[in-house]
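Down below is the structure, laid out as structure tokens.
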Amino acid sequence: MTATLESQEEKIRNVLGEDLVGLAIGFGELSVTVKAESWFSAAKTLRDHPELKFDQMIDLCGLDYSEYHGGASGLRFAVVYHLLSLDHNKRVRVKVFAADDALPILPSVIDIWPAANWFEREAFDLFGIIFTGHPDLRRILTDYGFIGHPFRKDFPISGHVEMRYDPDQQRVVYQPVTIEPREIVPRVVREPNYGGVK
């Protein structure tokens, strides 16, 4: 299997060339990192090149690397695409980092893989990643009046507002969160000689 992945790695390296940031084999799959500014053309190449033909996008998800210390790029937001080539029976994982942490923007790939539509809306809703060229980029999982993006690592666990039904007004009302923030640290109780340590 490794020889197959290595030949696939070589094909992608030859085809994408300067658009690549990195390639790695891990967990039985090839992971490719592509430059954000050339992502749309690289995506077309991944779909249309006869040696690759990744004609299906299986999944797309956003990532927040704000507290991840093992990354070399230093950028905060990324989008990961899982692609499948039916002709070659191959898979690839493609990662693209947004260039601006304050306003993460990447081009939409709906014109290349129509299945990206709701996945891009989900990444926008939960992470605040904007996909330029998306025909209907609006929230899909949270309420339209929701403030913030709940999967960002700096989003408070309790949120900003809470919703409840008010029987006097006979409607749903929003109000500031009334939950007291607290940090729960598990208490570990060990015997004095636990594990042979004195």
Side-chain angles (χ1 to χ4, degrees), residues 1-101 104-135 137 140-141 149 151-153:
M1 180 168 83
T2 306
T4 309
L5 286 174
E6 288 172 356
S7 69
Q8 182 183 358
E9 177 184 6
E10 186 178 337
K11 286 177 188 175
I12 290 176
R13 188 182 306 278
N14 292 337
V15 171
L16 293 182
E18 296 294 318
D19 294 338
L20 288 176
V21 175
L23 282 142
I25 296 174
F27 304 105
E29 194 168 308
L30 179 63
S31 295
V32 179
T33 306
V34 177
K35 295 177 183 175
E37 61 270 13
S38 56
W39 166 232
F40 190 78
S41 64
K44 274 187 167 178
T45 303
L46 286 167
R47 182 194 65 185
D48 297 337
H49 195 279
E51 289 187 16
L52 302 177
K53 295 185 85 171
F54 289 103
D55 48 2
Q56 283 197 0
M57 190 205 73
I58 298 171
D59 192 14
L60 176 161
C61 61
L63 294 170
D64 181 355
Y65 280 90
S66 67
E67 295 175 12
Y68 181 72
H69 302 291
S73 71
L75 297 171
R76 179 174 176 183
F77 294 102
V79 177
V80 174
Y81 303 83
H82 292 264
L83 307 177
L84 170 67
S85 170
L86 294 172
D87 289 359
H88 302 297
N89 193 25
K90 303 284 184 213
R91 293 174 184 263
V92 69
R93 179 186 306 116
V94 182
K95 187 184 302 182
V96 184
F97 282 90
D100 185 5
D101 290 346
I105 299 175
L106 289 173
S108 174
V109 291
I110 288 179
D111 294 338
I112 299 168
W113 298 292
N117 187 352
W118 283 18
F119 290 110
E120 289 181 350
R121 285 182 59 189
E122 181 183 48
F124 163 71
D125 190 4
L126 301 178
F127 290 94
I129 300 168
I130 297 170
F131 295 90
T132 57
H134 192 289
L137 193 62
I140 192 168
L141 295 172
H149 304 282
F151 278 15
R152 287 188 173 191
K153 291 185 179 174

Quick check against the 3.5 Å criterion: does [X] have a side-chain atom that pairs as donor or acceptor with the backbone of [Y]?
X: His88; Y: Lys90; result: no
X: Ser66; Y: Lys153; result: no
X: Trp113; Y: Phe54; result: yes
X: Asp125; Y: Leu141; result: yes
X: His134; Y: Ile110; result: no

I need the minimum non-hydrogen distance between [X] and [Y], along with the two atoms involved.
X: Ile25; Y: Glu9; value: CD1-OE1, 3.6 Å
X: Ile129; Y: Ala78; value: CD1-O, 3.8 Å
X: Leu75; Y: Tyr65; value: O-CB, 3.8 Å
X: Phe131; Y: Ala123; value: CE1-CB, 3.8 Å
X: Pro107; Y: Trp39; value: CG-CD1, 3.9 Å
X: Arg91; Y: Gln8; value: O-NE2, 3.1 Å

Side-chain contact, heavy-atom cut-off 4.5 Å: [X] with [Y]?
X: Met57; Y: Arg47; result: no
X: Arg13; Y: Leu20; result: yes
X: Leu83; Y: Ile58; result: no
X: Phe124; Y: Glu122; result: no
X: Thr132; Y: Leu106; result: no
X: Val15; Y: Thr45; result: yes
X: Pro104; Y: Ile130; result: no

More than 12 foreign heavy atoms under 6.0 Å from CG of Asn14: is that the case here? yes
Measuring from atom [atom1] of [X] to atom [atom2] of [Y], what distance do you get when rounded to the nearest 0.5 angstrom?
X: Glu51; Y: Ser85; atom1: CD; atom2: OG; answer: 11.5 Å
X: Leu30; Y: Thr4; atom1: CG; atom2: OG1; answer: 11.5 Å
X: Phe40; Y: Ile112; atom1: CZ; atom2: CD1; answer: 4.0 Å
X: Ile12; Y: Leu46; atom1: CD1; atom2: CG; answer: 6.0 Å
X: Glu10; Y: Leu23; atom1: CD; atom2: CG; answer: 11.0 Å
X: Ser31; Y: His82; atom1: OG; atom2: NE2; answer: 8.0 Å

If you apply the rule side chain to side chain contact (heavy atoms under 4.5 Å, CB included), what do you find for Val96 with Thr33, and how did you get there? CA-CA 6 Å; Val96 184; Thr33 306; over 6 Å; no
Scan side-chain atoms only and decide if Asp64 and His149 contain a donor-acceptor pair under the 3.5 Å cut-off. no
Show the numbers, then the answer: is there a salt bridge (charged side-chain N to carboxylate O under 4.0 Å, His left out) between Asp87 and Lys53? CA-CA 7 Å; Asp87 289 359; Lys53 295 185 85 171; 2.6 Å; yes
Test ring pair (Phe, Tyr, Trp, His ring centres under 6.0 Å) on Tyr81 and Phe119; report intermediate values, then the result. CA-CA 10 Å; Tyr81 303 83; Phe119 290 110; 9.8 Å; no
Taking the basic N atoms (NZ, or NE/NH1/NH2) and the acidic carboxylate oxygens, is any pair closer than 4.0 Å for Arg93 and Glu29? yes
Would you check, one step at a time, whether the test side chain to side chain contact (heavy atoms under 4.5 Å, CB included) holds for Leu63 with Val79? CA-CA 6 Å; Leu63 294 170; Val79 177; over 6 Å; no
